[in-house]
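Being a predicted model, the structure only gives us computed values, none of them experimental. So you know, we letter chains A, B, ... as the sequences are listed, proteins then strands, and number each from 1.
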2 protein chains.
Amino acid sequence: MKRQTTFEQIVEAADQLFYQQGFENTSFSDIAEVVKISRGNFYHHFKSKNEILNAVIKHRLDNTRELLNQWESENQNPQDRVQSFINILLMNMAKIKKYGCPVGTLCTELTKLQHPAQTDANQLFSIFRGWLTQQFERMHLSQNADDLAMHILSWSQGVATLAHVYQDERFIQLEITQISNWLKQLK
Amino acid sequence: MKRQTTFEQIVEAADQLFYQQGFENTSFSDIAEVVKISRGNFYHHFKSKNEILNAVIKHRLDNTRELLNQWESENQNPQDRVQSFINILLMNMAKIKKYGCPVGTLCTELTKLQHPAQTDANQLFSIFRGWLTQQFERMHLSQNADDLAMHILSWSQGVATLAHVYQDERFIQLEITQISNWLKQLK
DNA sequence: GTCTATACCTGGATAGAC
DNA sequence: GTCTATCCAGGTATAGAC
C-alpha cells in the first residue's frame, strides 16, 4: 500500500472534517491534529484555507466522476444506472444519518457564506444532474429529462436532510422504496 | 404602532441575520449594526450568544404556531390546510431562492455544530410534522399519516435546497404543481 | 439601559530556524 | 519539508462609567 503524501493526507482529512463539522467550523488545529503536523506546516502546501477547500472540492469531483464511470460500466440499462444513484442513500445510510448529504450540506453552507468557491462546489451537484439527465434521455421519456433529474436529486436531498435532523434511518429506507417505485413507473 | 423594545429588536434582527448568513457566521457586530446599539449592550439583555439563539428559536416557534392557527381558521378541509403548507413555497419563493428554508438550514447547521440548541430547533420541524400528521389523519388515509407528513416535509425541503443552490425559482414552481397533484390524488 | 474600554481567546497567516 | 515563534484580526465576554 502506497504511502500518502502530506498534501494528500491534508486533503483527505479536510474532506472528512468539512463533511462532519462543516467548513467554517473546521480549524487548522482540527486538521493538524488528524494529520499530525504543526499548523505552520500547512502553508508549505497551501496558500490559504480556501485553497484547501478548492483541493477538497477537486478531490470530490474526481471521486464522483470515477463513481459515475463505475456505474456506467456495471449497468447498460439507464434505469439500472439511476437505481445505482438511489442506492447511495442505502449504502451511505449511517453517514447520512450522522452528517447529512456531503454535497448538499457543503453547497448550502458555501451559498450562505457567499463563498467564492460556491460555483465550484455546485459542480458536485451538476455532475450528478447532467449524468442523470443523460440516463433519462436514453429512457425516451416524454417529460423533460433535466426536470426528472432535478426531481430525483431534490428528492434524495430532502430525504438526507430530514434523516440527518431526525437521526432516522427508517425514514431513509421508506423513501428509498418510494423513489424506486417512482423510477419503475416512469413512462 | 407600538415601538419595539431593544430586546425585541435584537431578536428580530438576529432572526433575520441567522437566516440570511447562518448562525455561526453572524457576529455581535453584525446585529449591533442593524439594531444600532453597541456590542457591550447585548449583555444587559442576554447572557451569551446562545441565549440570543434560544430567544430566536422561541420567537420562531411562536410565529409558527400562530401561522398554523391561521391556516386552521381559514380552512376547514384538511386537504386545503395541507395546501396552505405547500403554498409557503410559493409565498416565500424569493427568500427561499436567496437563503433556502429557514428551518432546514438552521437545523442542519446546528446539527453539524453539535449545538446544544439542536433539539429545540428541531421543534420547528416537529410542529409542522405533528400538524401535518393531524391533517392526514382527518383525511382517513390508509397509509401512516406520520409517514405522509414526513414525505411532504422532506419533499419541500429538497425543493428549497436545490432552489437555493441553483438560485432557481422556476424549479420551485414546477415542483409545487407536482406536490399539489400528489396531494389531490392521495387516497 | 446604554456606552466605552478592555480582557481574553481562537483562528488564519507569516518569518525564519532547522 | 517540518518545526517554533509570533503577529494580527475578529469574536465573545466583562467591568465599570455615565
Side-chain angles (χ1 to χ4, degrees), chain A residues 2-59 106 109-110 112-118 120-121, chain B residues 2-59 106 109-110 112-118 120-121:
Chain A
K2 195 174 127 222
R3 181 93 176 293
Q4 274 185 320
T5 64
T6 304
F7 181 95
E8 288 166 337
Q9 284 181 33
I10 293 173
V11 172
E12 194 75 44
D15 190 359
Q16 301 300 316
L17 288 170
F18 290 172
Y19 176 34
Q20 294 168 8
Q21 319 181 338
F23 167 68
E24 233 199 346
N25 190 42
T26 299
S27 68
F28 283 89
S29 306
D30 292 332
I31 307 173
E33 206 173 314
V34 174
V35 184
K36 293 189 204 325
I37 57 168
S38 69
R39 264 168 305 157
N41 194 2
F42 280 102
Y43 295 88
H44 180 71
H45 303 279
F46 302 91
K47 277 209 300 287
S48 67
K49 193 184 178 185
N50 283 348
E51 236 177 52
I52 300 183
L53 175 61
N54 287 335
V56 166
I57 293 173
K58 192 189 172 307
H59 183 239
L106 180 67
E109 183 183 355
L110 296 183
K112 277 232 169 171
L113 296 179
Q114 298 273 52
H115 196 283
Q118 199 176 321
D120 286 335
Chain B
K2 195 173 126 223
R3 182 92 175 292
Q4 274 184 321
T5 63
T6 304
F7 181 93
E8 289 167 336
Q9 283 182 35
I10 293 174
V11 172
E12 194 75 45
D15 190 0
Q16 300 299 317
L17 288 171
F18 290 172
Y19 176 34
Q20 294 167 9
Q21 319 181 339
F23 166 69
E24 232 199 347
N25 191 42
T26 299
S27 69
F28 283 88
S29 308
D30 293 333
I31 307 173
E33 208 173 313
V34 174
V35 184
K36 293 188 205 325
I37 56 168
S38 70
R39 267 167 304 156
N41 193 3
F42 280 101
Y43 294 88
H44 179 72
H45 303 278
F46 302 91
K47 276 208 302 284
S48 69
K49 193 182 177 185
N50 283 348
E51 235 178 53
I52 300 183
L53 175 61
N54 288 335
V56 167
I57 293 173
K58 192 190 172 308
H59 183 239
L106 180 67
E109 184 182 356
L110 296 183
K112 280 236 169 173
L113 296 179
Q114 298 274 50
H115 196 284
Q118 199 175 322
D120 286 336

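- Mapping A/Asn50 and B/Asn41 onto DNA chain C via the closest heavy atom, the residue that lands nearer the 5' end is B/Asn41.
- Annotation: the span from B/Ser38 atom OG to B/His44 atom NE2 amounts to 11.5 Å, rounded to 0.5 Å.
- The residue from A/Ile31, A/Ile37, A/Val34, A/Val35 that alone fulfils the side-chain contact (heavy atoms from CB on, under 4.5 Å) condition with A/Gln9 is A/Val35.
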With 3.5 Å as the limit, what N/O pairs link the protein to nucleotides 8-12 of chain C?
| residue | atom | partner | partner atom | Å |
| --- | --- | --- | --- | --- |
| C/dG12 | OP1 | A/Lys49 | NZ | 3.1 |
| C/dG12 | OP2 | A/Phe28 | N | 2.9 |

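- In this structure, A/Glu8 contributes its side chain and A/Gln4 its backbone to no donor-acceptor pair below 3.5 Å.
- Partners of A/His115 according to the ring pair (Phe, Tyr, Trp, His ring centres under 6.0 Å) rule, which considers only residues two or more places apart in sequence or in another chain, are A/Phe23.
- Rounding to the nearest 0.5 angstrom, the gap separating the CD1 atom in B/Ile10 from the CG atom in B/Leu17 is 12.0 Å.
- Residues B/Phe28 and B/Tyr43 bring their aromatic ring centres within 6.0 Å.
- Remark: A/Glu33 CD is loosely packed, at most 12 non-hydrogen atoms of other residues, nucleotides or ligands lying under 6.0 Å away.
- Using a 4.5 Å heavy-atom cutoff, the side chains of B/Val11 and B/Ile52 are not in contact.
- Here chain A contacts DNA chain D (any atom closer than 4.0 Å to a heavy atom, that is under 4.0 Å), and the contacts span D/dG1 to D/dT4 from 5' to 3'.
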